Structure formats: structure tokens, C-alpha cells
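Nothing here was measured: the structure is a model prediction, and the numbers come from that model. Below, all heavy atoms of this structure are taken into account, side chains as well, without hydrogens, waters or symmetry copies. Residue numbering restarts at 1 for every chain, and letters A, B, ... go by the order of the sequence lines.
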Amino acid sequence: MVQRILNDPDNIVDEMISGFLKTHKDIVEATENNRVIKAKNIPKDKVGIITGGGSGHKPAFIGYVGKNMCDAVAVGEVFSSPTAMAFLDAAKAVDQKKGVACLYGNYSGDNMNVKMAIKMAIKQGITIKSVIANDDVASAPKNQREKRRGVAGEILMWKIGGAKAAQGGNLDEVIAAAQKAIDSTRSVGIGLSPCTLPAAGHPNFEIKPGMMEMGIGHHGEPGMEICSLKTAKEIAEKMINIVIPDYPFKEQDEVVVLVSGLGATPVMELYVLYNEIEKLIKTKNIIIYKAYVGNYFTSLEMKGATLTIMKLDQELKKLIDMPAYTMGLKQK
Amino acid sequence: MVQRILNDPDNIVDEMISGFLKTHKDIVEATENNRVIKAKNIPKDKVGIITGGGSGHKPAFIGYVGKNMCDAVAVGEVFSSPTAMAFLDAAKAVDQKKGVACLYGNYSGDNMNVKMAIKMAIKQGITIKSVIANDDVASAPKNQREKRRGVAGEILMWKIGGAKAAQGGNLDEVIAAAQKAIDSTRSVGIGLSPCTLPAAGHPNFEIKPGMMEMGIGHHGEPGMEICSLKTAKEIAEKMINIVIPDYPFKEQDEVVVLVSGLGATPVMELYVLYNEIEKLIKTKNIIIYKAYVGNYFTSLEMKGATLTIMKLDQELKKLIDMPAYTMGLKQK
Amino acid sequence: MNVFENKKGKIILLKMVKTIQENKVYLGDLDGLIGDGDHGMNMNKGFSLFEKRYCKNDFSFTDGLKNLGMLLMNEIGGSMGPIYGTVFIGMAEAGENLETISLEDFSKILEAGYNGLMEIVEARAGDKTLVDTLFPTLKSLKTDVVLGVDFVVALDKMKAAAKQGSESTKDMVARYGRSSRLGERSRGVLDTGSVSCYLILAAMADGIKEILKEL
Amino acid sequence: MNVFENKKGKIILLKMVKTIQENKVYLGDLDGLIGDGDHGMNMNKGFSLFEKRYCKNDFSFTDGLKNLGMLLMNEIGGSMGPIYGTVFIGMAEAGENLETISLEDFSKILEAGYNGLMEIVEARAGDKTLVDTLFPTLKSLKTDVVLGVDFVVALDKMKAAAKQGSESTKDMVARYGRSSRLGERSRGVLDTGSVSCYLILAAMADGIKEILKEL
Ligand SMILES: Nc1ncnc2c1ncn2[C@@H]1O[C@H](COP(=O)(O)OP(=O)(O)O)[C@@H](O)[C@H]1O
Ligand SMILES: Nc1ncnc2c1ncn2[C@@H]1O[C@H](COP(=O)(O)OP(=O)(O)O)[C@@H](O)[C@H]1O
Ligand SMILES: [Mg+2]
Ligand SMILES: [Mg+2]
Ligand SMILES: [Mg+2]
Ligand SMILES: [Mg+2]
């Protein structure tokens, strides 16, 4: 028996969308495709920013629709890619003949569906270009970066891509900025307890009490290592030691740090973890320009956290500083 | 073994504060009392708004420090009132000789400590007046409203009180607005799984799989009834049937609805729940002027949710619409 | 008989639906081991929606495949939408003009589905995906066409080939899809897609056998 | 002897600290049943902090109580900060000028603490709070003063009274504090504050007895 608030697990995504639209009337609106949500009052003549992904990651993905971030999102079942049709309809909903940037995460379902959507879009005279987030260091060795998953780094990619489009960048410039953002970004996740798919009756996998999983994916994909549960300080060290050398981030680099909970870890603990991460980054003489801490990209009710670091240059700095107004990220 | 990210449970609050201050440099700053956090750039010549409470409720309480909400917050141990000294120091940190409004929740520890702080403040020439939130319908019968706990309704009280002070209201006006806000507000909570205090090694109480607790407090205080876990629709009905008749909210009333998760319930489910609540409220011809859905007032990693409804009049409508910029609530 | 009537094919689709429904939990659990646990659920959702929407009326084998494929592709998404969508639509298009379907026809139909899939996925036999089921199944059929084996016998051999193909994934290391990131940790567990593919192909064979028997 | 020297009182405070430390988990679990589970933790934090900060040096009974009370009040908060803070500070102030403390003095000291508490809480005996421990304990002491009972005997009787007072909360329905909202559901469980209060008073009695014995 899963302790959940729901009606029929098969309808959870549609009901969630309905509740979301009712709550955030000022930010989002429905489209003809009930699996596509778009921003209200999209500024004229700009490149459209779309994304899409499985449900169960709130605020991602629909929580990042709004001012200066995504213009439309394709919504999939829990942990499943949206359909090609939904990606296509998202593009159609925001296309202003300036082209559409589809900024999404590297999962085989999403890859296939986006590819198909792009093919269909071409037939309809819409240009979609895409950037595939692959920030999750733990998911493949560095020489196979193209295999790495996209995780919370996607949020920074949307922030940068959305801001570039808002500035009036053309499609290639938007794509280049988003690509630079994700290329400058590295993440890693740790899991402390599993999640349960609403339609399944039992946890997806197991993490034994007293243990933790390093490098877990945000669908609970198994990580690199199962080890005994460490202190916040030790966890921070482990995460930092995976993320920093991979890029590598170096002395005097200015970075954005994003610590996201996976759903059920009290936010209090995320601040405790960030407190340690900040100290370690300082020790390395890396400069934290901005930090985000909270439940930004979750995995249902998993316990755990992800660490994401993005290296900034002058352009990225300006773009990260632009205001944003979405359910998941509001910034002056 | 509790699956937590922490170092020493005895230091969790201090480390959390440290991480919070580092993350939200643009919104908050430290004070001389390390258990008091204040807003940055508090506008001149206004009534000070303070609150305080135990930790473990993130974003509450420090997450509501900032523009047009609270000016300072006294921070207690997990689930424990801050000291009288912390309340006093919070008042001192924001006193501009216009008086200080202490807007807090009805718990015996907080009551005692605030009372003492007020006594000490008088000796130091500071005027503190207080409003005690008691929105939790399940915690006492209506004829003993003074015994009811304060829960998520506190957020609306801070929003209203903070906005009134920002408008330039004097102390009595601010107190009156905050009192009106909480008098117009009713809440109820349901629990689906327990929480574990960081320093204890095991859950605080038990909710059997397949069961839920109606009227639970947001420290896990036992509720009115333990019943079998219902569908989202039935849960919404139960909650509505407790909250609506108590005030009572009537046809054509304009209301704010706040659905908060208790920590570990996926936000997806909160939208599913709100979707049902909205339908029921509509059926009663009550008008939802504004809705908030998310983890606004949590209870560590409890699963469950609270429903809060506030009746609006013209004044409250204006105040609820004022912008706010805090970690927990950002609004244009 | 050595051919079956395309228009009698509904029973085949019904068997496919049933096997997915019956194995929903098993497929989900398998996916949970090295994936994200949603395979059974998604497959069940798609196949059950197909049943609900189309199975009140009669339809042919290829029309059924086409509608199921379109539904998976356009309404289910995930990895299975494009993958099985492509396979089933490819099969449907290759056979839609046929009134009767012989072993050779069926082999060509499956080959068309397989070829469609090869255009959209990079995975090949040995990569621990459903390709490991599909490829040997097709090979078995093609061999039996050449050998002139009886349709029913070929269908039984095809089932065995599909099963063996699926079981062969157990010792493989995943190279595509979600579990590919596990490397060695993916070894020792069946690939869930290869299992659902086996179940579908076995149901297809059983359905065809049933029609062949009727005659 | 029928008096003890105030300045020898450190041992009393040490015993109080020890009993709280030893019962941290028990008190937390009791609080979890009808409260929020933090009582053991908070008490332990306060008393252990007191030990760490003050117990390297010697101090008198009343100075110890004062410092412990101030620390609870100013650094621990919760309900226990103001409650035990008020009690201990009240006791300390009533006795700080005494060099030796007789049964009558001790009774007056505790009464001062009790009176201080009555000013800040509305709860009275019968409301299922620590008042149910404190009130009968004080009553027992006052009676024994009138009866002229030996100090040590009075201390044993006081311990028994405290224990019985605490146990009496089991059948009560809470009317103040967190568990008061439970109504009938609060019956059948000891009030955690009444238990910590019993433990503290018992430790106090034992500490005094030890000093009295030494002489
Ligand atoms: N890139 C790919 N190429 C071939 N097969 C794949 C690929 N990605 C996934 N699969 C197949 O899909 C199965 C998983 O399907 P499913 O769980 O429904 O999707 P997802 O992995 O997106 O959650 C795998 O077991 C594998 O057989
Ligand atoms: N208003 C009150 N009056 C008297 N005693 C109280 C009151 N509130 C709480 N208590 C005592 O405090 C105990 C609980 O203490 P503790 O758990 O530390 O604080 P909290 O209830 O704030 O979590 C209760 O068992 C009761 O004895
Ligand atoms: Mg999936
Ligand atoms: Mg408490
Ligand atoms: Mg899967
Ligand atoms: Mg307590």
C-alpha cells in the first residue's frame, strides 16, 4: 500500500496538469494538446524555448515555464518521455517563425521522440534545433559524455537559453548559449531512499537503511557505488570530488551552484549539505557567484540530493542574472 | 538508522542557518544573535514584523523573511520554540520606534517565550504587540478557538501583516490586519506517514500503511481520526467538510486557498489534491481569488498535506496581491 | 492451411494485449532492477487503451497493428511509443494490402518492422535491448521460409527463438537505454524490453496458430 | 545532620544532569506518544550544555540552579526553557543568601520556584502537566516541615510523592500544552513533563541526601 494522495494512478498526470493550470493561471495556460502547457503572454518575435520530459520531477518540467525560461513544455507519463506529437505541438504552440530551441535531457525515449518531432516539424515548416543536457557525471565516463544523463543542470540550461531568447538572440545564438551552459555544467546525485511509481505498489529499488547510493539517477537509476551513509561533510566531499575534477573547475573560476533535493529530504538538510559544499568550494578558491538550494528537480519522494556546478563566463553571468518568473524559479 | 544528510543532529539548526544565509545573501542577513535572521534593506520607518518558531518546517519560518513579509525571525530547535531572548533580539533588530508586530503560532512554548520577550522589551522601551495564529480547526472545538494551533494559515497572516506594514500602516493597523487575516482563516491537515526528529533514531509516531490521520498537527500531533487511506477526491471532501463549515465560508465569498505539502508528499500529488479541492469549492459557489500549492509549511519528511482557506474582504485582497520576495514566497 | 486471413487477425492483437496486461507487474519489476520501473505500466497503459478504444469492433491483423502502433507513438511516448510504434506501423504498412498472409509474408512483415526500428535506434543484437529478441526471431522465420517449414512449426520455432533471444540478454552488459549507464552492474538481469518483446511475439505466434487451427 | 551546606550543592546538579542524560530517549519517546517527541532531546541539550559549561568548576546549589535556569531560559527555548528556567531561577533567588539549607529552607525554596511557575502557566494540578509532579512534591515537603520530620525521611517521602504525582498523570486528560488537543486520546499515557520533573526532583533529593550523609 503506497501512502499517496491520488485517485487513479493512470490519471495522475492529467489531474496534476489540471491542478497546476488552475493554480498558476498568471503564468501558464493550456493548449489544444492536453499534454502541452505554454507560458502566458509570450513576448513577440522571439525564439521559442521548449522542453519536455517525464512527470514526477516537480518543479521540472512544467514548473519552469514562464518569463525568460521555457515557453512550452511537453508532459510525459511518470518517468516516461512525452510523445513525439507532444514535442511537436509544444513547438507549434510557441513558433513565431524565429525557430524553436528544444532543450531537453539525454534519455533514449526523449531522444527518439524529439528526433521524430523534429522530422515532423520540418514537414510543417517549423525549424527545431535541440540541445541535449548531459550533465550527470556519474552516468558515463568522460570519454563517453554523449551517453551521460541530463539532470538538474537542465534547469541552468533552460535559464540560460530562455534568457538568451528573451534578449532577442536568434535560434543559433540561443542554441549556442544553451549548449555552452550545459557544456559548462556538471552534476552528481546521491540517493538515501527509493521512490515508488504511483502505479506500482512498491519501491522501485532498494536502499538499505544506513546505506546510500552515490551517482544515482533521478529516476532511481542505480549509481556508481553503494556505500555506508556518511555525514553531510563527507557526502559533500564525495560529491565535490566527482564534480569538480570532471569539468574541471579551477581556481578563480566563477560558478553557479545548485543543490536540489530529490523530493523527500527535508529542505533543512539541503542547507546543511550546501553549507559543507560551500566550504569545500571556497577551499579550492573557486568563487560561488550564485547559489540555488531547494527542491528544484525531484524524483517523486526519493530521499537524496543532487549537486550541480556551472562555470560562468561574461555572457552566462548576464544570462543567469536575468529575472525569471516561473513556478519553480522566481528571480528578480 | 535514519536516512538523513547531516553532521551532528545537535548542530543541525545552526548549520542550516549558515547554509541558508549563504544561499540567500540577496534576501537575508545574520544578526548578533545567531538564532535571529533579518531581512536585508528593510524600508525605513515602518512597523517591524517578526515571527519565530521551531525548525523543521522549511520554508517556515526563515523562508518568509524578506520584502513585504517578515523582517526578522527567531529560530528554535527542531519542533521547539525559540528562546524569549531570540524573540526579543528579533524585535530589537527591526524596531524603528514604530513598534513591532510579533505574528506567531499558538504553541505553549512560543506563547511563554513571546510573553517573556514582550515583558523584557517593555523594559527596553520597545513596543511589541502580537497576533497568535490559531487556524487549525482540528485542534480544538470552535468554542475553544483560543486553544487551536497555528499552522499554514500563519503564512497568510505574515503576508497580510507584512503587506500592511509595507503600506505604512501603524502598529495597531498592522496588528488589526494580521488579526483579521487569521480570524478569517481555517486549516486542516492530514498525515500519511510520520516524521523522525533528527536527534531521535526512529519515527515520532506511526501511521500504518493503508491508513491516514485526519486533523494531524504539523509536528505530527495526533489528529481527530485515524481512517483508511482515501482517494484524493475523498480526502478533499473530508478536508473541505472540516474547514468550510467552521468559519463558515459561504456562497460568493472570495477566498485564498493554500495547499501545502508536509514535506515528503510529491508536489505532483498536491496538484492532484488541489484539483479536487477546487472543484468542491466551486460547487459551493465560493470564489477562489488566489491559490498557493506547494511545500509552504512542512513537517520534516512527513507525508501529508494541509488545506488552508482565508476569506477576503477589500483590504485583504489588496494586501494579498502585494508583491513579496522571500525564499518561500515570491510574488509579482 | 499455410496462410491465414488478414481480416481474422483481431484475435492476435487480443492475445498481445492480454499478455502485456498479465505481465504488467513483472515487466515493471524487471525495469526497476536496472531501469526506472515504468515499463510494465506504460506498456499496459498503451495496450489497454488500444483494447478499450478499438476492440469493440472487428479489425484485421494489419489494421490492428497500425492502430496500436499509432496509439503507442502518439499517446504513450516513453521509449516504447517510438520503438513499438515504429515496429508495429512498419509491419502494418508492409502487410496492409494482403488478404492472406503466408509464412513468407509474415516473415517479410516482421522484417519491415525490424528495419523500421533499425532506422531509429542504434542498438544492435548484443546490446541488451529488445533487439536481442527481435533479431533472432526474425532470423528463425527467415530460415524457415527458405527451408519451407510448415507455418505452425515455424511459429513454434519463432517463439523458442524469441524466448532464447530474450534470455540471452541476461548475461549481456547494457549499451543503450537507461541501464546502459550501469556497465557491469547491468549484467545478470534480463532486459525488460527484450522480455516484453518476447511476450508480444509469442502472443502473435499463438494468435496466428489459433487462426490457422480454426480452418 | 538536618542542614546541608549550600556551597556543597554541585553534586545535586550533577545528579540532575545525569538523570536527564540517562532518560533522554525515554522522555522523547513518551513525548512522541501524545506530543511532538522533542522533550528528551531538548532537556538533554540544555542539561548537557550546562554540564559542559559550568561543571569544570565548583558551585553552590543555588548558583547551579541559577545558571542552569538562565541557560534553559536563554538558550534552549521550547516550553522547557521558560518553565524549568522559571522554576530553577525562582528557587535560586529564594535560597541564594543561605549558607546552610534546612528542610524548611528547602521547602521554601521549592515553593518559590513553584510560585514563579504559577505566574507563567495556567495549568494547575489535574491538567496533566509537570504541575502534577511539582504540586504534590511541594505539599509533601510542607507537611513534613510542619510535622518536624527528619530531612532525609522527608526527602524520601518527597521522592515518593513526586513519583506518584507523575504517575497520576496517566489517567488524566491533558488540558494544557501540545497534547491538550487530543482530549480523550491523551488518557492512558504519562505526561512527559511530569516524568522529567519527577526525575529532576528525585535527583535533587538523592543529591541532598548524599551531602547530608557525608557529614
Ligand atoms: N536506445 C534504445 N535502443 C533500443 N532499445 C531501447 C533503447 N532504449 C530503451 N530500449 C528498450 O526499452 C526498454 C525500456 O523501456 P521503458 O522502460 O518503457 O522505457 P524507459 O527506459 O524510457 O523508461 C529497455 O529494456 C530496452 O529494451
Ligand atoms: N502550558 C503549559 N503549562 C504547563 N506545562 C506545560 C505547558 N505546555 C507544556 N507543558 C509541559 O511541557 C511538556 C512538554 O515539553 P516539551 O516537549 O519540551 O515542549 P513542547 O510541548 O513545546 O514540545 C509537557 O509534557 C507538559 O508537562
Ligand atoms: Mg521511463
Ligand atoms: Mg516541541
Ligand atoms: Mg523504464
Ligand atoms: Mg515536545
Go through the structure and list residues passing ring pair (Phe, Tyr, Trp, His ring centres under 6.0 Å) with B:Tyr274, not counting sequence neighbours.
-> none
Among A:Val293, A:Val267, A:Leu6, who wins on heavy-atom pairs under 4.5 Å with chain B?
-> A:Leu6
For A:Tyr271 and B:Met16, which heavy atoms make the closest approach, and how far apart are they?
-> CB-O, 3.6 Å
Kindly say whether B:Leu192 contributes a backbone atom to a donor-acceptor pair with the side chain of A:Gln3 at under 3.5 angstrom?
-> yes
Looking at A:His24, A:Met302, A:Lys279, which makes the most heavy-atom pairs under 4.5 Å with chain B?
-> A:His24
Checking A:Val257 against chain B: side chain, backbone, both or neither under 4.5 Å from a heavy atom?
-> neither
With chain B as the partner chain, list the residues of residues 54-64 of chain A whose heavy atoms fall under 4.5 Å from it, by residue number, and write 'none' if nothing qualifies.
-> A:Ser55, A:Gly56, A:Lys58
Of all heavy-atom pairs between A:Thr23 and B:Ala291, which one has the smallest distance, and what is that distance?
-> CG2-O, 3.8 Å
Is the count of non-hydrogen atoms from other residues, nucleotides or ligands lying under 6.0 Å from A:Asn41 atom CG greater than 12?
-> no
With the side chain counted from C-beta on, respond yes when B:Ile190 and A:Ile5 share a heavy-atom pair under 4.5 Å apart, and no when they do not.
-> yes
Contacting region of A:Lys332 [heavy-atom separation from chain B under 4.5 Å] = both
Where on A:Ile277 is there a heavy atom nearer than 4.5 Å to chain B: the side chain, the backbone, both, or neither?
-> neither
Using a cut-off of under 4.5 Å on heavy-atom pairs, state which of B:Lys330, B:Glu234, B:Lys230 scores highest against chain A.
-> B:Lys330
Any side-chain heavy atom of B:Lys282 sitting closer than 4.5 Å to one from A:Lys22?
-> no
Within a radius of less than 6.0 Å around NZ of A:Lys318, do more than 12 heavy atoms belonging to other residues, nucleotides or ligands occur?
-> no
For each of A:Lys233, A:Glu278, A:Met212, A:Gln331, tally heavy-atom pairs with chain B at distances under 4.5 Å, and name the one with the top tally.
-> A:Glu278
Is it true that a side-chain atom of A:Asn7 and a backbone atom of B:Ala232 form a donor plus acceptor pair closer than 3.5 Å?
-> yes
What do the steps show when you test A:Glu276 against B:Glu15 for side chain to side chain contact (heavy atoms under 4.5 Å, CB included), and what is the final call?
-> CA-CA 9 Å; A:Glu276 298 297 338; B:Glu15 294 180 22; 4.0 Å; yes
Distance from B:Ile235 atom CD1 to A:Arg4 atom CZ, nearest 0.5 Å?
-> 12.0 Å
If one checks every heavy atom of B:Phe20 against chain A at 4.5 Å, the contacting part turns out to be both
Whatever's closer than 4.5 Å to a heavy atom in chain B on A:Thr298 counts as neither
Any residue meeting salt bridge (Lys or Arg N to Asp or Glu O under 4.0 Å) with B:Lys303, in chain and number order, not counting sequence neighbours | A:Glu301
Results of side chain to side chain contact (heavy atoms under 4.5 Å, CB included) for B:Glu206 - residues two or more places apart only = B:Lys208
Contact origin within B:Met327 toward chain A - heavy atom pairs under 4.5 Å = side chain
